[in-house]
Structure formats: structure tokens, C-alpha cells
Protein chains: 2
Amino acid sequence: MEVTNIENQQLTIQKKIDKVLCNSADVESCCPIKDILARFGDKWSIYTILTLGKQEKLRFNELKSQINGVSQRMLTVTLRSLEEDGLVSREVYAEIPPRVEYSLTPLGQGLLLQLLQLADWAKLNVDQILEARERYGKKSTQGV
Amino acid sequence: MEVTNIENQQLTIQKKIDKVLCNSADVESCCPIKDILARFGDKWSIYTILTLGKQEKLRFNELKSQINGVSQRMLTVTLRSLEEDGLVSREVYAEIPPRVEYSLTPLGQGLLLQLLQLADWAKLNVDQILEARERYGKKSTQGV
DNA sequence: CTGTATCCCTCTGGATACTG
DNA sequence: CAGTATCCAGAGGGATACAG
């Protein structure tokens, strides 16, 4: 009975993998994980999403000062791509000097939750990964 | 009462974000999400993990033929880095010709589950993202 | 069969200067 | 304030050739 349950679980996982891989000839075009990864896999998107997750609405320079190390150019690029995918909304007020406020859309908040889950897993397993690295390092140092 | 619940949830999220961001001066060194992202954020790791998730054990050339488009070099590089982090195990049989079998470690299987969750979210929201893109495209086409 | 080594090209992202 | 434009360096990754 337990064995059957485990087998069923395994089957479910394999089916999911099949769907994700799509068995397509074209690697780039079909994997949904790759798609979302393109949304936050670059250098600054995660920090931008997390920072916006904390404060609701932020102006351009507020974001820039809170995301340590980001250049003006890259913050602009990052925000534009997040805006394009509907993860971040951009509101421009026709004032002088101009005021622009960025915030997470509901979709962006959903992605934020996914990222936090990923972070939970990371925290739970980071030790194992570090241990594995140490073992690997020793292995390559050994003469034999 | 409900309001309080929502507020509590929001607080929990903000605390989590704080932990993930660490308020550190050094951007690169502290964010746990960045750490795991480095484990599967490159071009071939995801396909490798998914493919190994389906079949238990695979030899080098079996992997290469199932991961469409990967070069010999990149498959090697990818497998080495996954092995280094303890996500994939590599067993070498001292035969001629050599036989090497790769498989997911329990840790790697854990990451696989996280990836599948991410894929679930992606599938649920891909339509919204596509719509947002279309809107964005129209906006930039409009003169005013 | 399972790699390593080398070359080279593209793409990301940083620095800097300029603009409405 | 909130960008845009340009230039450039470095990393990632493909093609090819060679090796145990």
C-alpha cells in the first residue's frame, strides 16, 4: 500500500516533468521554467522585486539607493522588463521635477511569494550544499 | 479580525523579505535566492535536472542525446557544477570503454520539486504575462 | 565512451556623459 | 528627478580538435 503511494507520487512527478520538458525539438521555446527564469534570473530583478515587496510604492531613486550597487542604466533596464511582463507597474506624475512611482502588481506579488518559497528551501538546504562542496574540494585535492 | 489576519500575513512576508535581503552592504554575498539561482539559473542545469529526474540513472551520452542542443563541453561543465553542489552524483565504472552514470541525489530531487512548483506557477500565470506584453507592445506603438 | 583544451563570438552589464 | 546613449570589459557558451 505504501509502496503504491510512493509509486504514484513518482508517476505524478514524471508526468509533470514531461509537461515541463514538452519533448519538443526546440529547447528554447517550450520550457515554462525557462520562461519565468528569464523574468527573474538576471542580476537585478530579484532585488528589485524583493525591495518593491517591502514598501508598496517607491520612486526611481529610492529604489536605486536601496538596491545596493545597481547602476542607473541597469535599474532602468530591469524595471522596463518587469513592467513589460506585468510584474511591476509604473506611474508617471506630470510634475516638475518628474515623479515616477513603481510598485508590484498582483502578478508580481505572486512571483514574490514563489521566490520566498525558493528562499525557504535554500535556507533549509544551504548547509548540505556547502558540505558537498567541501567534499568535492577535498576529492580534487587528493592525489589518488 | 480578517483585516488582522491579512496584516499578519503581510508582516510575515516582510520579515521573510528582510531575511532574504539581509540588509547587507554586499549584494552578492548574502541573498540565499541568488545562491540557489546560481545552481540552476544557467542555460543547461534545469534541463539536466529535469532529464535526470525522469530516469534515475543516465550515462553521459544518453543525457547528451536527451538534452536537445547541448554541447559536449557544456554538458560536462553543467554536470560538474551540479556534482560539486551535491545535486547530482557521478559514478565511474572502471571499464573499457568507460561507463559513467549520473543520477540525482536526494538533495537534487528536492530541488527538482522546487522547480516543478515554479513550473506550476508559471503555467498558471503565463497567460497574464503574455497579455501584459501585448499591452506593453501596443503602448509603445501608440503615438500619444 | 567520456571527457579536456583551445579559440572565438555574443550578450550582459558597468562607467560615463548627456537630456527633458 | 528620471531617464537615454554610447562605449567597453568580462563572463558564458558554441565549435572544433585532441586524449585516456
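In what follows, chains are A, B, ... by sequence order, proteins preceding strands, each numbered from 1.
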Heavy atoms from C-beta onward define the side chain here; which of [options] lies closest to that of [X]?
X: Met74(B); options: dT4(C), dG13(C), dG14(D); result: dG14(D)
X: Gln72(A); options: dA2(D), dT6(D), dT2(C); result: dA2(D)
X: Pro97(A); options: dC1(D), dA17(C), dG13(D); result: dC1(D)
X: Asn61(A); options: dG3(D), dA2(D), dG14(D); result: dA2(D)
X: Pro98(B); options: dG20(C), dG3(D), dC1(C); result: dC1(C)
X: Lys43(A); options: dC1(D), dG13(C), dG14(D); result: dG13(C)
X: Ser71(A); options: dT4(D), dG14(D), dG14(C); result: dG14(C)

Taking [atom1] from [X] and [atom2] from [N], how many angstroms apart are they, rounded to a whole number?
X: Asp42(A); N: dA11(D); atom1: CG; atom2: C1'; result: 15 Å
X: Leu75(B); N: dT4(C); atom1: CG; atom2: C1'; result: 14 Å
X: Leu79(B); N: dT4(C); atom1: CG; atom2: C1'; result: 15 Å
X: Glu91(A); N: dA2(D); atom1: CD; atom2: P; result: 14 Å
X: Ile67(A); N: dG14(C); atom1: CD1; atom2: P; result: 12 Å
X: Arg80(B); N: dT2(C); atom1: CZ; atom2: P; result: 12 Å
X: Arg73(B); N: dT6(C); atom1: CZ; atom2: C1'; result: 9 Å
X: Lys34(A); N: dG13(D); atom1: NZ; atom2: C1'; result: 12 Å

Exercise: identify the closest heavy-atom pair between Glu101(A) and Arg59(A):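 In terms of heavy atoms, the two residues are closest at CG-CG, 4.1 Å.
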
Closest approach of Ile46(A) to Phe40(A) (non-hydrogen atoms, all atoms of both residues): CG1-O, 3.4 Å

Sugar-phosphate only, base, or nothing, as touched by Tyr102(B) at under 4.0 Å among non-hydrogen atoms: sugar-phosphate

Distance test, side-chain N/O of Arg59(A) to OP1/OP2 of dA2(D), below 4.0 Å: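 Answer yes for this pair, as a side-chain N or O of Arg59(A) is under 4.0 Å from OP1 or OP2.
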
5′-ward residue of the pair Gly41(A)/Glu62(B) relative to DNA chain C: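 Taking each residue's closest nucleotide, the earlier one in sequence belongs to Glu62(B).
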
Crowding at CD, Glu56(A) (>12 non-hydrogen neighbours, <6.0 Å): no

Leu58(A) vs Leu52(A) side-chain heavy atoms within contact, under 4.5 Å: yes

Check: Pro32(A) and Val20(A) side chains under 4.5 Å, non-hydrogen atoms: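 When only atoms from C-beta onward are counted, Pro32(A) and Val20(A) do touch, with a gap below 4.5 Å.
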
